Amino acid sequence: CKGKEYKYLIHNSSIKDPFLKDRAFRYSRHIDEKLLNDAAQNFTGTHDFKSLCSSGSSSINTVRTIHSINITRNGDLVILTVSGDGFLYNMVRIIVGTLIFVNEGKIRSSQISQILEGKDRKLAGKTAPACGLYLNRVFYDNV
């Protein structure tokens, strides 16, 4: 396995959708997907993602490479798509939670690099619920 791509679905509406129950994270506050997309670019590249790893992780090496991360909107559905060489325990969900904090003004986009450099889980946002996370693709070597 050379890498993975995950999608995280956020149902951005104050009205519950029974078809998305337990399939997407419902978040009623308006999401500025352009703001979040710009902020998310701070995660791309090779970094030590220790700040974005849950305490239950058994990983000794916390350095990973994020190849791409994009946030798009399709009606009330906001979709985060992230691909990289590997992911730590709850890393994608913590990225989403950190971006939600950016949306709420609790964290500024410019602070993301400081969060990564700090290597302290307490600096990042909350862990988003598991219900919106999907493994979308796995990349293999062409051997």
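Every value quoted in this text rests on a predicted model; they were computed, and no experiment measured them.
- A heavy-atom distance below 4.5 Å is found between the side chains of Leu135 and Lys4.
- In this structure, Ile15 shares a hydrophobic cluster with no other residue, the cluster being traced through Ile, Leu, Val, Met, Phe, Trp and Tyr side chains under 4.5 angstrom apart.
- Within a 6.0 Å sphere centred on CG of Asp120, heavy atoms belonging to other residues, nucleotides or ligands number more than 12.
- Atom CZ of Phe139 has more than 12 heavy atoms from other residues, nucleotides or ligands within 6.0 Å.
- Ring planes of Tyr27 and Phe25: tilted class, angle from 30 to 60°.
- Other members of the cluster containing Leu77 are Leu9, Leu20, Ile79, Tyr134, with ILVMFWY side chains joined at under 4.5 Å, either directly or via other members.
- No side-chain heavy atom of Ile10 sits under 4.5 Å from any side-chain heavy atom of Leu80.
- Evaluation of the ring pair (Phe, Tyr, Trp, His ring centres under 6.0 Å) rule for Phe87 yields Tyr6 as partners, not counting sequence neighbours.
- Every residue two or more places apart in sequence or in another chain was checked for a salt bridge (Lys or Arg N to Asp or Glu O under 4.0 Å) with Lys21, and none qualifies.
- Between the side chains of Thr65 and Thr46, at least one donor N or O sits under 3.5 Å from an acceptor N or O.
- Residue Ile112 holds its CD1 atom at 9.0 Å from CD1 of Ile95, rounded to the nearest 0.5 Å.
- By the side chain to side chain donor-acceptor pair (under 3.5 Å) test, Asp76 pairs with no residue at all, sequence neighbours left out.
- Atoms CD and NE2, on Glu117 and His47 in that order, are 9.5 Å from each other to the nearest 0.5 Å.
- Looking at heavy atoms from C-beta onward, Leu88 lies out of side-chain contact with Leu52 at the 4.5 angstrom threshold.
- Looking only at atom types and distance, the side chain of Arg137 has no donor-acceptor partner in the side chain of Thr81 under 3.5 Å away.
- Put simply, the side chain of Cys53 does not reach to within 4.5 Å of the side chain of Ile94, judged on heavy atoms.
- Taking the salt bridge (Lys or Arg N to Asp or Glu O under 4.0 Å) definition, one finds that Asp32 meets it with nothing, sequence neighbours left out.
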